[in-house]
Peer 1: 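Starting off with a structure, shown below.
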Protein chains: 2
Amino acid sequence: MDYKAYAMIMKALGDETRVKIFDMLSEGERCACKLLDEFSVTQPTLSYHMKILCDCGLVSARRDGIWMRYTVRQETLAEMIGFLNRIAEGIPEGIEVCDCKEAG
Amino acid sequence: MDYKAYAMIMKALGDETRVKIFDMLSEGERCACKLLDEFSVTQPTLSYHMKILCDCGLVSARRDGIWMRYTVRQETLAEMIGFLNRIAEGIPEGIEVCDCKEAG
DNA sequence: TCATCATATCGATAATTGTCTATATGATGA
DNA sequence: TCATCATATAGACAATTATCGATATGATGA
């Protein structure tokens with residue numbers, strides 16, 4: 001997974017509606033109609049948001065008859081958390097001042 | 001921290017340049033000039049990106065003479081990781097099918 | 001005080017995004 | 001097969017974003 005992929009995931013969650021949807025999905029599989037009840041957006045707008053969440057790999061969709069059902073993709077979420085954890089762990093104890101003064 | 005704040009953080013990281021900058025900062029404090037060397041953007045553009053990273057709370061900036069030095073704000077990053085962990089942990093074992101069929 | 005250097009802000013602009021209405025697609029059941 | 005229902009796509013549009021060049025700000029040192 002490269003920076004482009006991480007940025008795509010973050011961008012997908014960088015919208016209040018989508019981050020709420022994603023949080024709702026943490027409770028388990030949800031259908032589009034349930035999600036539509038919760039948010040004051042039209043059906044096409046919800047569909048647009050779900051596509052973004054699916055395209056980045058955070059959510060998977062399955063068709064069940066005429067309904068669409070969505071779940072969190074744990075692998076992708078785990079990779080994202082891993083990336084952030086590595087950044088958090090990478091921070092050294094002391095302050096490391098860069099060598100501007102010498103260079104300039 | 002509310003959904004709006006989380007979305008703001010995610011949006012800040014939802015750009016390839018910024019996610020790279022943030023990853024670079026995991027190595028320790030960095031000055032603007034060092035960051036500018038690494039990325040093919042102009043100085044005003046870097047300044048713009050750093051403002052976004054600072055405004056959402058992910059990065060803190062300090063002035064050191066004529067230089068600006070940036071560090072990861074561990075508290076904010078930890079809160080973000082915590083939020084994602086709660087979502088990951090919230091996913092139940094079995095598939096929970098919602099009651100579309102009965103409701104419709 | 002003033003020139004210089006690093007950074008921030010301004011104003012402009014092309015690209016992207018989030019939203020809508022209207023319409024298409026695709027599954028279901030009579 | 002056809003009407004119906006849930007969802008997806010198309011097209012339009014206002015708002016936001018990422019970027020730049022030009023300029024302002026603010027610290028430093030002669």
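Throughout, a chain's letter reflects where its sequence line sits, starting with A, and its residues are numbered from 1.
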Peer 1: Here's a test of your reading of the structure: between A:K11 and B:K51, which maps to the more 5' nucleotide of DNA chain C?
Peer 2: B:K51

Peer 1: Can you give the dot-bracket line for DNA chain D, using ( ) for pairs inside the strand, [ ] for pairs that cross earlier ones, | for pairs with another strand and . for unpaired bases, where Watson-Crick and G-U count if both distances are under 3.5 Å?
Peer 2: ||||||||||||||||||||||||||||||

Peer 1: Given C:dT7, D:dC5, D:dT7, which nucleotide is nearest the side-chain atoms of B:Y70?
Peer 2: C:dT7

Peer 1: For A:D55 and C:dT17, what is the distance between atoms CG and P respectively, to the nearest whole Å?
Peer 2: 12 Å

Peer 1: For A:F39, report the nucleic acid contact type (base, sugar-phosphate, nothing); a contact means any heavy atom under 4.0 Å.
Peer 2: nothing

Peer 1: Tell me, which of residues 42-50 of chain A have any heavy atom that sits under 4.0 Å from an atom in DNA chain C?
Peer 2: A:T42, A:P44, A:T45, A:Y48, A:H49

Peer 1: Between P on D:dA8 and CG on A:L36, what's the gap in Å once rounded to a whole number?
Peer 2: 11 Å

Peer 1: Could you check how far CD1 of A:I66 sits from C1' of C:dT25, rounded to whole Å?
Peer 2: 13 Å

Peer 1: Could you go through A:H49 and A:L35, starting from their C-alpha distance and side-chain angles, then the distance that decides it, and tell me whether this counts as side-chain contact (heavy atoms from CB on, under 4.5 Å)?
Peer 2: CA-CA 11 Å; A:H49 285 309; A:L35 295 171; over 6 Å; no

Peer 1: Of the nucleotides D:dC5, C:dT7, C:dT19, which one has an atom closest to the side chain of A:T17?
Peer 2: C:dT19

Peer 1: Could you check how far NZ of B:K34 sits from C1' of C:dT7, rounded to whole Å?
Peer 2: 17 Å

Peer 1: Tell me, please, which residues at least two apart from A:Y48 pass ring pair (Phe, Tyr, Trp, His ring centres under 6.0 Å).
Peer 2: none

Peer 1: So if I take every side-chain heavy atom of B:V41 and compare against C:dT9, D:dC20, D:dA18, which nucleotide ends up nearest?
Peer 2: D:dC20

Peer 1: Side chain of B:R18, backbone of B:K11: donor and acceptor closer than 3.5 Å?
Peer 2: yes

Peer 1: So how far is it from A:L25 CG to A:R69 CZ, rounded to the nearest 0.5 Å?
Peer 2: 13.0 Å

Peer 1: Roughly, in whole Å, what's the span from CG in B:L35 to P in C:dA6?
Peer 2: 14 Å

Peer 1: Is A:T76 reaching over with its side chain to a backbone N or O of A:G57, donor-acceptor style, under 3.5 angstrom?
Peer 2: yes

Peer 1: Give the rounded distance in Å between these two atoms: CZ of A:R30 and P of D:dA6.
Peer 2: 18 Å

Peer 1: Can B:R62 and B:E29 be counted as an ion pair, charged N to O under 4.0 angstrom?
Peer 2: yes

Peer 1: Going through the checks in order, is the side-chain contact (heavy atoms from CB on, under 4.5 Å) test met by B:F39 and B:E16?
Peer 2: CA-CA 11 Å; B:F39 302 97; B:E16 204 175 334; over 6 Å; no

Peer 1: Check the phosphate of C:dA8 against B:R63, side-chain N and O only, distance under 4.0 Å to OP1 or OP2. Yes or no?
Peer 2: no

Peer 1: Should B:E38 and B:K34 count as an ion pair when the cut-off is N to O under 4.0 Å?
Peer 2: no

Peer 1: Send over the distance from A:M68 CE to D:dT7 C1', rounded to a whole Å.
Peer 2: 8 Å

Peer 1: If you round to the nearest 0.5 Å, how far is CG of A:N85 from CD1 of B:I81?
Peer 2: 4.5 Å

Peer 1: Relative to the ring of A:F83, is the ring of A:Y6 parallel (under 30°), tilted (30 to 60°) or perpendicular (over 60°)?
Peer 2: parallel

Peer 1: Of the nucleotides C:dT19, C:dG18, C:dT7, which one has an atom closest to the side chain of A:I52?
Peer 2: C:dG18

Peer 1: Could you state the CG-C1' distance from A:D64 to C:dT28, rounded to the nearest angstrom?
Peer 2: 12 Å

